Engineer: 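Would you mind keeping the following structure in view while I ask a few things?
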Amino acid sequence: MSTIPDKPSLDGLEAKWRQRWADEGTYRFDRTKTRDQVFSIDTPPPTVSGTLHPGHVFSYSQTDMIARYQRMRGREVFYPMGWDDNGLNVERRVQLLTGTRCDPSLPYDPDFRPPETVRKKDKPIPISRPNFVELCGAVVEQLEESYFDLWSNVGLSVDWSHSYRTIGPESIRASQRGFLRLVARDLAYRSEAPTLWDVDFRTAVAQAELQDRETPGAYHKIRFEGPDGPVWIDTTRPELLPACVALVAHPDDERYQPLFGQTARTPLFGVQVPIVAHELAAPDKGTGIAMICTFGDTTDVVWWRELGLGLRAVVQRDGRLRPVTWGEPGWESTDAPAAQAAYDDIAGKTAKQAQARIVELLAEAGLMEGEPRPITHPVKFWENGTRPLEIVTSNQWLIRYPDKDAMLARGKELSWWPDFMRVRYENWVNGLQGDWNITRQRFFGVPFPAWYPVDADGNVDYLSPILASEESLPVDPTTQAPPGFTDDQRDQPGGFSADPDVMDTWATSSLSPQICTGWVDDPDLFERTFPMDLRPQAHDIIRTWLFYTVVRSHYEHEALPWANAAISGFILDPDRKKLSKSAANAPDSPDELLAKFGADGVRYWAANGRPGMDVAFEPGQLKIGRKLAIKLLNASKFALGLESTTAGQVTEPLDRSMLAALADLVAEATGAFDRFDYARALERTESFFWSFCDDYLELVKNRAYGAAGDEGAASARTALGLALRTLLGLFAPFLPFVTEEVWSWWQEGSVHRSPWPSADALREAAGADDSASPGDEPDPEVLAVAAAVLGEVRKAKSEAKRSMRTEVSAAVVADTPDRLALLALGADDVRSAGRIDALTTEPGDTLTVTVDLVPEA
RNA sequence: GGGCGCGUAGCUCAGUUGGCUAGAGCGCUGCCCUUACAAGGCAGAUGUCGUGGGUUCGAGUCCCUCCGCGCCCACCA
């Protein structure tokens with residue numbers, strides 16, 4: 001315990017308590033507790049690729065409020081922190097920051113140091129994969145340090161001894177083990193298939209990372225030679241003409257029915273392609289007959305697969321057209337030299353450049369009707385990419401999805417807060433196409449524990465993997481040899497070749513519940529914490545993180561990974577756009593917000609965001625929390641300055657009334673928190689607290705000082721003590737610093753380890769238990785009526801432009817008999833607080849107070 | 001095209017199963033240095049609860065239509 005300061009202040013509280021909590025292990029997880037005593041939280045590992053913004057503070061604070069509530073309810077809270085530091089986002093960040101680019105063909109350079117300053121227009125320096133991974137590691141370590149500082153400053157009650165990195169050994173072991181087990185059950189498999197491909201990052205991307213963007217394009221009407229004359233095709237991608245493998249129209253389309261089963265000749269390249277029917281062809285689009293290319297979009301893939309068409313791929317992984325020798329098998333042409341001449345003009349060009357040239361060639365040859373007609377249409381992009389995705393064929397690892405009914409059943413089994421977020425999950429499951437491609441042609445990630453045999457001719461058989469054993473994990477196939485081989489056989493005929501890719505970052509983070517609970521490395525901890533209680537996350541990654549996590553747990557444990565999913569909203573800027581640093585009216589950085597408004601102030605603001613609701617950033621709102629914290633300091637100083645206690649008897653009706661109302665508040669806040677509705681809990685508590693200060697404190701102030709004798713003073717002081725302890729408890733999840741400070745003035749231990757306030761105990765203190773005689777139940781209305789009358793008196797003084805200290809010679813209260821009876825119970829306090837000499841009553845319909853002020857001196 | 005959410009004071013938002021004259025904070029106006037609090041307190045003004053219907057004794061709250069905004073999903077030639 002410490003003394004109450006003369007002039008309470010928020011200054012220095014954060015540093016003081018942050019240090020104290022760390023020293024005393026206030027939030028340390030007690031791992032002797034068993035599963036039923038534990039509340040475990042699958043904290044979202046923030047992507048360590050930039051800076052945290054106010055939106056992060058917003059949602060992580062909300063989770064912390066739930067954690068603190070559960071801890072006070074007596075659950076042992078398992079609240080770890082993860083860092084998502086693998087994956088493309090980190091690589092991108094590192095490339096920008098260090099001005100480098102990974103070139104896996106280069107050898108490791110132990111002396112390499114990135115340039116001190118990097119300018120945007122500098123050409124990236126190619127470096128080896130080990131060098132690049134090293135740089136990534138250094139950059140994320142630095143960022144993680146600053147993230148840790150921020151989270152500590154915000155007051156997250158995380159147990160920092162339980163933290164993990166998605167690129168850390170425990171994550172790699174879990175990812176690789178999960179992967180091997182799926183392969184063993186044939187739930188993960190190797191496949192060579194068309195894949196959505198980002199040509200800038202040169203990697204495959206998964207369906208979940210796609211984004212449609214309205215993009216300018218143009219229809220080009222191109223002439224094919226059909227059996228009975230020209231066939232006109234509308235296309236937005238004329239550059240894929242050499243990749244055309246068929247023409248397709250709807251089976252019911254009478255215009256084209258005569259052509260089905262025949263062939264047409266492509267312009268410029270003279271390829272005879274079949275004319276086929278498929279119901280996906282839209283008669284109302286373009287000319288109603290389309291060219292199928294390998295591959296222009298995902299519909300092409302469907303047609304190609306379902307119609308068993310040939311393959312003529314031209315777009316390479318770098319987005320440029322690959323060299324082709326016309327006349328060779330697969331590239332037969334009725335005029336190979338002409339095809340070659342046309343193609344040589346576009347080979348090596350990007351899709352965009354090739355399109356321009358093809359259009360010129362078509363126009364010169366009179367094979368295009370009219371000018372291109374500009375349109376805008378949705379085109380698939382990688383969500384972080386800048387150029388449209390291409391589709392290329394490559395070797396990939398894929399995970400099969402469970403059948404939709406099973407996934408939907410898991411979605412129903414999970415408790416969603418708010419409930420309507422379940423729909424997003426169901427939408428996604430119902431729209432799934434194909435399997436989950438978990439392969440990324442990147443460098444800083446979890447490697448596949450796999451190698452491929454190299455035959456005597458030096459050809460790698462990418463479809464016959466050699467897998468590592470579970471015991472050998474973690475494995476890096478690029479530095480370790482597979483079982484039965486030695487490293488000098490690497491990339492040699494008759495030897496082996498390492499899997500060159502890494503896992504999709506979601507393939508790792510979908511195991512976050514297993515990683516943080518010690519699935520691989522700490523079975524005892526796993527036993528005590530899994531399946532988890534809560535997954536807090538934002539709604540934008542339901543289709544990725546949440547969905548994938550459910551799938552992995554379904555496969556691995558035949559169970560949900562957690563019982564509850566609390567979905568948070570976004571912070572929007574004042575223009576209702578998702579918050580972004582670049583916006584002109586972007587708010588301050590989290591650090592600046594914390595400096596300006598204090599952690600408690602920022603957390604207060606975060607707590608006002610309803611679960612699942614987006615909230616506009618409004619600087620004015622941030623001030624309120626700070627004000628509330630200061631008010632709490634001052635009100636506490638007042639109550640404790642009167643030697644308030646929690647041990648005495650509460651006898652006065654007004655005091656009992658206040659405690660009864662407080663008991664109702666506790667019950668309501670508890671119910672709200674149990675539904676993960678911290679916002680409602682705070683709103684109710686705050687509302688009570690302000691009227692507690694404005695009305696109750698004013699009403700009992702004089703009596704508490706002893707103006708009405710010892711018994712009345714003791715009752716007030718006990719009520720004040722009980723109320724203060726209760727309010728500190730109710731506010732503790734939101735305002736951890738200021739509540740802890742006040743708690744330390746008069747209580748032992750930490751408020752954050754104290755029991756959550758009990759409505760029953762308060763009712764008992766208010767004399768609401770069985771011992772209360774009939775008709776003597778404490779009634780919250782006593783305080784309400786007294787406060788209303790006091791308010792009328794204040795109003796009269798205010799309207800008379802007089803000080804609140806002004807004496808009232810006489811006040812007449814008119815109201816219903818019932819309410820007048822309630823007023824009688826608190827009349828002495830009302831007279832004292834209002835400085836009323838004579839307080840009389842008369843019957844009436846509604847509350848009216850006639851006030852006679854003593855004349856101005 | 002399908003779905004979800006939202007539309008309440010100038011601004012940001014509460015209004016839990018339909019129930020007394022619709023609330024809070026910010027902002028605005030006025031007053032007050034009252035021994036918890038002047039980087040504060042007290043008091044006050046402000047709303048056809050998006051539109052039009054319906055159910056009901058009674059609807060911001062339930063049902064239907066429409067309008068606007070945001071987001072999710074969708075095979076995008």
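Just so you know, these numbers come straight off a predicted model, no measurement behind them. Chain letters run A, B, ... following the sequence lines, proteins first, then strands; residues in each count from 1.
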Engineer: Between B/C32 and A/Arg802, is there an OP1 or OP2 to side-chain N/O distance shorter than 4.0 Å?
Structural biologist: no

Engineer: Using a cut-off of strictly less than 4.0 Å, decide whether A/Lys631 has a side-chain nitrogen or oxygen near OP1 or OP2 of B/G40.
Structural biologist: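 No, no such contact exists.
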
Engineer: Say you draw a straight line from NE2 of A/His250 to NE2 of A/His278; how long is it, rounded to the nearest 0.5 Å?
Structural biologist: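 These two atoms lie 9.5 Å from each other.
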
Engineer: Looking only at N and O atoms, is any donor in the side chain of A/Ser798 or the base of B/G44 less than 3.5 Å from an acceptor on the other one?
Structural biologist: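 No such pair is found, so the answer is no.
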
Engineer: Is the phosphate of B/C4 approached by A/Arg424 (side-chain N or O, under 4.0 Å from OP1 or OP2)?
Structural biologist: no

Engineer: Please round to the nearest 0.5 Å and tell me the distance separating atom OG1 of A/Thr726 and atom CZ of A/Phe688.
Structural biologist: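 Interatomic distance, A/Thr726 OG1 to A/Phe688 CZ, rounded to 0.5 Å: 8.5 Å.
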
Engineer: Would you say B/G44 has OP1 or OP2 under 4.0 Å from some side-chain N or O of A/Lys795?
Structural biologist: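 Yes, because at least one side-chain N or O of A/Lys795 sits under 4.0 Å from OP1 or OP2 of B/G44.
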
Engineer: Using a heavy-atom cut-off of under 4.0 Å over every strand shown, decide if A/Glu799 touches base, sugar-phosphate, or nothing.
Structural biologist: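 Since no nucleic acid heavy atom lies under 4.0 Å of A/Glu799, the category is nothing.
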
Engineer: Considering just the side-chain nitrogens and oxygens of A/Lys7, establish if one lies under 4.0 Å of OP1 or OP2 belonging to B/A38.
Structural biologist: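 Checking A/Lys7 against B/A38: at least one side-chain N or O falls below 4.0 Å of OP1 or OP2.
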
Engineer: Could you tell me whether the phosphate oxygens of B/G27, OP1 or OP2, come under 4.0 Å of any side-chain nitrogen or oxygen in A/Lys623?
Structural biologist: yes

Engineer: Taking the C1' atom of each, how far is B/A24 from B/A14, in whole Å?
Structural biologist: 7 Å

Engineer: Could you tell me whether the phosphate oxygens of B/G15, OP1 or OP2, come under 4.0 Å of any side-chain nitrogen or oxygen in A/Arg680?
Structural biologist: yes

Engineer: With rounding to whole Å, what would you report as the distance between B/G2 and B/U8 at their P atoms?
Structural biologist: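 Each nucleotide's P atom is 26 Å from the other's.
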
Engineer: May I ask you to verify if any side-chain N or O of A/Lys701 is less than 4.0 angstrom from the OP1 or OP2 atom of B/U34?
Structural biologist: no

Engineer: Using OP1 and OP2 only, check whether a side-chain N or O of A/His539 sits under 4.0 Å from B/C71.
Structural biologist: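 Looking at the OP1 and OP2 atoms of B/C71, neither is under 4.0 Å from any side-chain N or O of A/His539.
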
